Amino acid sequence: MFICVPSCLSTIVQPAPISVCTQPPTVVPTAMPTVVPTATPTVVPTATPAPSTAPTVMPTIQYNDALCGLVAATNIKTLFKSYNYWNCTADGFVATDPCDWGGVTCDSNGAIVALNLQNSGIIGTIPDTIGSLVDLSNLRINSNKNWGGTLPASIGQLVKLTALVLKGLSLTGTLPEEIGYMTELVVLSISPSGSLGGTLPESLGSLVSLQSLSIFYTQLTGPLPSTFGGMRSLTYLYLGNNAFTGTLPESMGNLTSMTRLIIQNTGDALSGPLPSTFGGMVKLVSIELAGTGLDGPLPSSIGCLTKVSYLNLYDNLKLNGPLPSTIGSMSSLSYLYIQSCAINGTLPVTMGSLGTLRVLSISDSQFSLPFPESFGSMSALSSLSLSQNDKLGGTVPHVIGCLPSLSTLNIDYSYFDSLPESLGNLTTLRSFSLSYNSRMRGPLSSAIGEMSALSQLAISYSSFTGFLPENIGSLSSLKRIYMSGNSRMNGTFPSSFGQLHQLTSIYFEGCPVGGTLPPSIGSLTSLRTMTLSSTSISGTIPAEIGSLMYLTYISLTNTGIMGEVPSSIGSMINLSYLYLQNTKLTGSVPSSIGSMINLS
């Protein structure tokens, strides 16, 4: 048993003070761009003289243009069954009280304050006159895939609106600059089904009350406006599957209320380094930057983000340079994914300061050895993935054996060639996967038999020799073993194999394990699947196999099994699949097999 030396469990190394966090960066442009025309727009169109036929009792007569404009531009009238809903006269006046119309909500003064037409099957265009609904605070028109056209500039006249959701609309054209008038907006979501394109208007920076901005699956292009930092109330930003270009603006550092940032699937068009002001978003809790063209190293200011618990940098192939030592100051970090990136070098010593880190994945990355001794100080780390790293070779770092809470360890497709004795210290490990390791040779380490909590062991398609270590029977919690395709393995079942009473699945297909099936296999009473096809198993099928009441699948195809099928097999009432092709079995099929009602 390897004993973790003091250096492995020593006091956590604290990073040097981070000067970039001493005061918030000043990132706003010297002058905020003018985001709306200097002249205030006319909110309500010039009144049309009322004809003699106009109703005289309508408290909402001011909304004639907007409501009857909707009737004229869409099929909305046909969607409501009542005769009184969405009725306009031939000359463009509302014929009944709009406050009684479907989807319309009025206040006590008859002002229309809400319009709910989402998912209504509306067909047509959004009329320019919609801007006359100046008292609207709630507008729900999303999820009408055949309703859209160009979003009219008059939308900016809805200055009381708090939420604008443009999801599932067939919008074309561009976003109007006048959207910046809507300074009461709290939620803005843009995900149309049409061909909305162009660039984001600079006026977005005027939306000082905006808390949630989602823009995804659009054809919007061009750089993100430099005025982004003006949205100082923003807490949630999601930019995904767009065609934005250029770099992230420096003014993003002013978004000091931001708690969640998602930028994903932008391709290489959105590129350049993360802004140096990135650490200014000090309230961030979750960051996902995935599938982008961002390049260069991570800024040292990332260490200022002490509230971040989730950091995902997946599939940023141009993000490079070493991991900054300031990452050790991210004291709330629980989930860290640095996969499919070009970030390289050795892991910083300050990683040991991440006392709350639970999941670390550096698969398909460019990190190199050695791992710092402080790595073993991450006392909360429960999941570690090191798969597909061609820069990591030799012996698996012994310091991994010093992680007291590790429950999942994945080193599939690695360049490691041996396992250290220290892995036997991983008494909390439940899942260990080291498949597809052509450089792993020699017998399996007995350290595996010391992983007392192990529930799943996957060692398929590797180059190990020998077979399972004798102490494998000590793994009283082991449920699944995957060892298929290990063409170099040999040997026989260890005598302790029958002690694995929790075992439910055995996959040894293509693994040339020899010898006979031991009678102790009848003790594996939890077994449900047993695949031993294309192995070197020989001898007879032990009668004790009839004790496996829960077994549903057996394959002994292409083996040296001989003799007769034991009559006890009829006791396996749950067996559904039995494959015995290309064996040396003789004799007749036992009559007891007729009682196996589930057998296919």
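A quick note: this is a predicted structure, and the numbers were derived from the prediction, not measured.
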Between atom [atom1] of [X] and atom [atom2] of [Y], what is the distance when rounded to the nearest 0.5 Å?
{"X": "Leu384", "Y": "Ser407", "atom1": "CG", "atom2": "OG", "value": "10.5 Å"}
{"X": "Ser438", "Y": "Arg488", "atom1": "OG", "atom2": "CZ", "value": "9.0 Å"}
{"X": "Leu239", "Y": "Asn265", "atom1": "CG", "atom2": "CG", "value": "12.0 Å"}
{"X": "Leu381", "Y": "Met351", "atom1": "CG", "atom2": "CE", "value": "8.0 Å"}
{"X": "Lys307", "Y": "Ser331", "atom1": "NZ", "atom2": "OG", "value": "8.5 Å"}
{"X": "Thr465", "Y": "Arg441", "atom1": "OG1", "atom2": "CZ", "value": "9.5 Å"}

Quick one: do Tyr335 and Val308 satisfy side chain to side chain contact (heavy atoms under 4.5 Å, CB included)? Show the steps, please.
CA-CA 9 Å; Tyr335 302 88; Val308 169; over 6 Å; no
Indicate yes or no for a side-chain donor-acceptor contact from [X] to the backbone of [Y] under 3.5 Å, with no hydrogens or angles considered.
{"X": "His501", "Y": "Ser523", "answer": "yes"}
{"X": "Ser462", "Y": "Asn437", "answer": "yes"}
{"X": "Asp412", "Y": "Tyr436", "answer": "no"}
{"X": "Thr326", "Y": "Ser300", "answer": "yes"}
{"X": "Asn344", "Y": "Gln366", "answer": "no"}
{"X": "Asn242", "Y": "Ile215", "answer": "yes"}
{"X": "Thr529", "Y": "Ser505", "answer": "no"}
{"X": "Thr292", "Y": "Leu289", "answer": "no"}
{"X": "Asn389", "Y": "Lys391", "answer": "no"}
{"X": "Ser233", "Y": "Val208", "answer": "yes"}

[X] versus [Y], closest heavy-atom pair with distance:
{"X": "Pro420", "Y": "Ala447", "result": "O-CB, 4.3 Å"}
{"X": "Lys283", "Y": "Ser257", "result": "CD-CA, 4.0 Å"}
{"X": "Ser251", "Y": "Thr227", "result": "OG-C, 4.3 Å"}
{"X": "Ser329", "Y": "Gly303", "result": "CB-O, 3.4 Å"}
{"X": "Leu357", "Y": "Met378", "result": "CD2-SD, 3.8 Å"}

Side-chain donor-acceptor pair under 3.5 Å between [X] and [Y], yes or no?
{"X": "Thr552", "Y": "Asn574", "answer": "no"}
{"X": "Gln339", "Y": "Ser361", "answer": "yes"}
{"X": "Ser418", "Y": "Thr395", "answer": "yes"}
{"X": "Ser555", "Y": "Thr531", "answer": "no"}
{"X": "Thr504", "Y": "Ser526", "answer": "no"}
{"X": "Tyr314", "Y": "Asn316", "answer": "no"}

From CA spacing to verdict: side chain to side chain contact (heavy atoms under 4.5 Å, CB included), Ile481, Phe497
CA-CA 12 Å; Ile481 303 180; Phe497 197 76; 4.1 Å; yes
Applying the side-chain contact (heavy atoms from CB on, under 4.5 Å) test to Cys511, which of Tyr461, Phe467, Phe464 qualifies?
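The residue from Tyr461, Phe467, Phe464 that satisfies side-chain contact (heavy atoms from CB on, under 4.5 Å) with Cys511 turns out to be Phe467.
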When Ser374 is tested against each of Val349, Leu347, Thr350 for side-chain contact (heavy atoms from CB on, under 4.5 Å), which residue passes?
Val349
Apply the test side chain to side chain contact (heavy atoms under 4.5 Å, CB included) to residues Phe493 and Ile537: give CA-CA distance (whole Å), side-chain angles for both, the deciding distance (0.1 Å), then the verdict.
CA-CA 10 Å; Phe493 282 95; Ile537 292 289; 3.5 Å; yes
Mind jotting down which residue pairs meet the ring-ring contact (aromatic ring centres under 6.0 Å, His included) criterion with at least one end in residues 231-275? Sequence neighbours excluded, please.
Phe216-Tyr238
Aromatic centroids of Tyr507 and Tyr553 separated by under 6.0 Å:
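When the ring centroids of Tyr553 and Tyr507 are compared, they turn out to be at least 6.0 Å apart.
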For Arg358, I'd like to know if atom CZ has over 12 heavy atoms of other residues, nucleotides or ligands within 6.0 Å.
no
Less than 4.5 Å apart, side chain to side chain, heavy atoms only: is that true for Ser463 and Met440?
no
Determine whether Phe416 and Leu392 make a side-chain contact, defined as any pair of heavy atoms from C-beta on separated by less than 4.5 Å.
yes
